[in-house]
Amino acid sequence: MDTLKIVGNPLPDMPWEDRPEGNDNIMWRFSGNPVIPADLLPNSNSIFNSAVVPFKDGYAGVFRCDDTNIRMTLHVGFSKDAIHWDIHPETLEFDCDIPEVKEWVYGYDPRVCKIGDKYYVTWCNGYHGPTIGVAWTEDFETFHQMENAFLPFNRNGVMFPRKIHGNFAMLSRPSDNGHTPFGDIFYSESPDLEFWGRHRHVMSPAPFEKSAWQCTKIGAGPIPIETSEGWLLIYHGVINTCNGFRYSFGSALLDLDDPWKVLARSGTYLLAPSALYERTGDVPNVCFPCAALHDPETKRIAVYYGCADTVTGLAFGYIDEIIEFTKKNNIL
């Protein structure tokens, strides 16, 4: 795809390993996985489902770190190479002047999206059930919390890296208060990051006979990547097996102007639990993508994903190959 255009700042020093010899998979795992172990902090039980972005001369991130009380907390981390991380042991504290919102219950599965000079953090925030918390920072030191985006119950709030129709835009997955046995992806817009509307349905779980790995529920993963072929969305899909839920991830292309219109959707997964650290852990058989780094010139992408709700893995691929894979395996 020589004519493919990919939007984004150059990132020539992003984490990368070439595809192993004899490996013909579209995505392949980092040989050093798990890239972030469960016990990196003194009292961490698990570190997974976290967000990573380029920042200054290195990288920054917001990490889900469940402690040894299994309290779901968020922590800030920094790295020079996006592989070796210094995650602060102190829980991230938000600057918030909204009494109803500032009370902390829990927070998990963050994403970070840069728009202009601000880095916007979205996460599953506890407010009478799971909803989408929103905050922004410019320095990863002070985080300004805003109104929650939606009513409970909702998860997987993922913003787009630029405004659409003049508005901020976000994908989310309305759910219920439990371990949801269902879930569709929806699109919403906001003029001010406080009032959200123009809700549009994007995708439902696939019919079992078409694509069983994503037949129970789906949810947006990393921040979508803008390309000349559409928004490239990496998303997770779930099948309910006799051994419980199994999380894998695949890809879709969304219309650039109206992202609720799906142009193509992979019936075959990109990555599914097969490595030991993906199959065994607090929640077995989970590959849950939350963040991605990419370099427009080389078309490289590095996806960070939670493994078995315990550790963080890293997988590599090429954006043009993933787009071709999505089209070839399109189930629409």
Side-chain angles (χ1 to χ4, degrees), residues 25-30 32-40 44-52 61-67 70-74 106-111 123-124 130 154-158 171-173 175-176 178-185 205-206 208 211-222 233-252 266 268-292 302-317:
N25 294 328
I26 298 298
M27 298 202 74
W28 57 95
R29 293 165 176 82
F30 175 44
N33 276 350
V35 65
I36 301 175
D39 58 354
L40 190 61
S44 58
N45 170 81
S46 46
I47 304 175
F48 61 107
N49 295 7
S50 302
V52 171
V62 177
F63 297 83
R64 173 178 177 173
C65 302
D66 293 4
D67 64 16
I70 314 300
R71 291 175 297 192
M72 296 176 284
T73 59
L74 303 179
Y106 56 73
Y108 59 87
D109 299 357
R111 275 76 163 184
W123 70 97
C124 186
N154 207 317
R155 294 177 173 86
N156 300 302
V158 178
L171 299 171
S172 68
R173 202 273 306 286
S175 59
D176 64 19
H179 199 32
T180 310
F182 65 89
D184 293 22
I185 297 175
F208 180 87
S211 184
W213 68 270
Q214 54 179 323
C215 68
T216 299
K217 56 181 175 177
I218 55 176
L233 175 67
I234 306 295
Y235 68 96
H236 71 260
V238 181
I239 181 173
N240 194 6
T241 74
C242 59
N243 193 40
F245 288 157
R246 180 177 185 264
Y247 285 72
S248 308
F249 60 86
S251 53
S266 62
T268 305
Y269 57 68
L270 284 169
L271 200 75
S274 63
L276 184 62
Y277 52 84
E278 299 162 350
R279 289 185 175 273
T280 60
D282 285 357
V283 182
N285 299 316
V286 174
C287 292
F288 191 96
C290 263
V303 176
Y304 293 81
Y305 64 103
C307 309
D309 281 17
T310 304
V311 297
T312 301
L314 185 57
F316 304 111

*For the atom pair CG (Asn45) and CZ (Arg71), what is the distance rounded to the nearest 0.5 Å?*
12.0 Å
*Could you list the residues that satisfy side chain to side chain donor-acceptor pair (under 3.5 Å) with Asn154, not counting sequence neighbours?*
Ser172
*How would you list, by chain and number, every residue that makes a side-chain contact (heavy atoms from CB on, under 4.5 Å) with Asn240, sequence neighbours excluded?*
Thr216, Phe245
*Sequence neighbours excluded, which residues qualify as side-chain contact (heavy atoms from CB on, under 4.5 Å) partners of Ser44?*
Leu41, Ile47
*Looking only at atom types and distance, does a side-chain atom of Ser266 sit under 3.5 Å from a main-chain N or O of Ser251, one as donor and one as acceptor?*
yes
*For Asn285, check side-chain contact (heavy atoms from CB on, under 4.5 Å) against everything at least two apart and list the hits.*
Asn243, Arg246, Pro273, Arg279
*Under the ring pair (Phe, Tyr, Trp, His ring centres under 6.0 Å) test, which residues partner Phe63, sequence neighbours left out?*
Trp85
*Check side chain to side chain donor-acceptor pair (under 3.5 Å) between Thr268 and all other residues, then give those that pass, not counting sequence neighbours.*
Asn329
*Once you round to the nearest 0.5 Å, how far does CG of Leu171 lie from CD1 of Ile185?*
6.5 Å
*Reported CG-to-CG distance for the pair Asp309 and Asp109, which is rounded to 0.5 angstrom*: 8.0 Å
*Spell out, as yes or no, whether a donor-acceptor pair under 3.5 Å connects the side chain of Arg111 to the backbone of Ala220.*
yes
*Contacts of Ser274 that satisfy side chain to side chain donor-acceptor pair (under 3.5 Å) - sequence neighbours left out*: Arg29
*So, Arg155 versus Thr180: side-chain donor-acceptor pair below 3.5 Å or not?*
yes
*For Phe182, enumerate each residue passing the ring pair (Phe, Tyr, Trp, His ring centres under 6.0 Å) test, keeping only those at least two apart in sequence or located in another chain.*
none
*Would you find more than 12 non-hydrogen atoms of other residues, nucleotides or ligands less than 6.0 Å from Tyr108 atom OH?*
yes
*With sequence neighbours excluded, what pairs up with Tyr247 under the side chain to side chain donor-acceptor pair (under 3.5 Å) test?*
Lys217
_What's the separation between atom CG in Asn25 and atom CG in Leu270, rounded to the nearest 0.5 Å?_
10.0 Å
*asked:* I'd like to check the ring pair (Phe, Tyr, Trp, His ring centres under 6.0 Å) partners of Tyr305; sequence neighbours left out, ordered by chain and number.
replied: Phe249
*In Å and rounded to the nearest 0.5 Å, what is the CH2 to CG distance from Trp123 to Leu74?*
7.0 Å
*Roughly how far apart are Thr241 OG1 and Trp213 CH2, rounded to 0.5 Å?*
15.5 Å
*Just jot down the salt bridge (charged side-chain N to carboxylate O under 4.0 Å, His left out) partners of Asp66, sequence neighbours excluded, or say none.*
Arg64
*With no hydrogens and no angle check, is any side-chain donor or acceptor of Thr73 less than 3.5 Å from a backbone partner on Cys65?*
yes
*Who are the side-chain contact (heavy atoms from CB on, under 4.5 Å) partners of Asp39, not counting sequence neighbours?*
Pro37
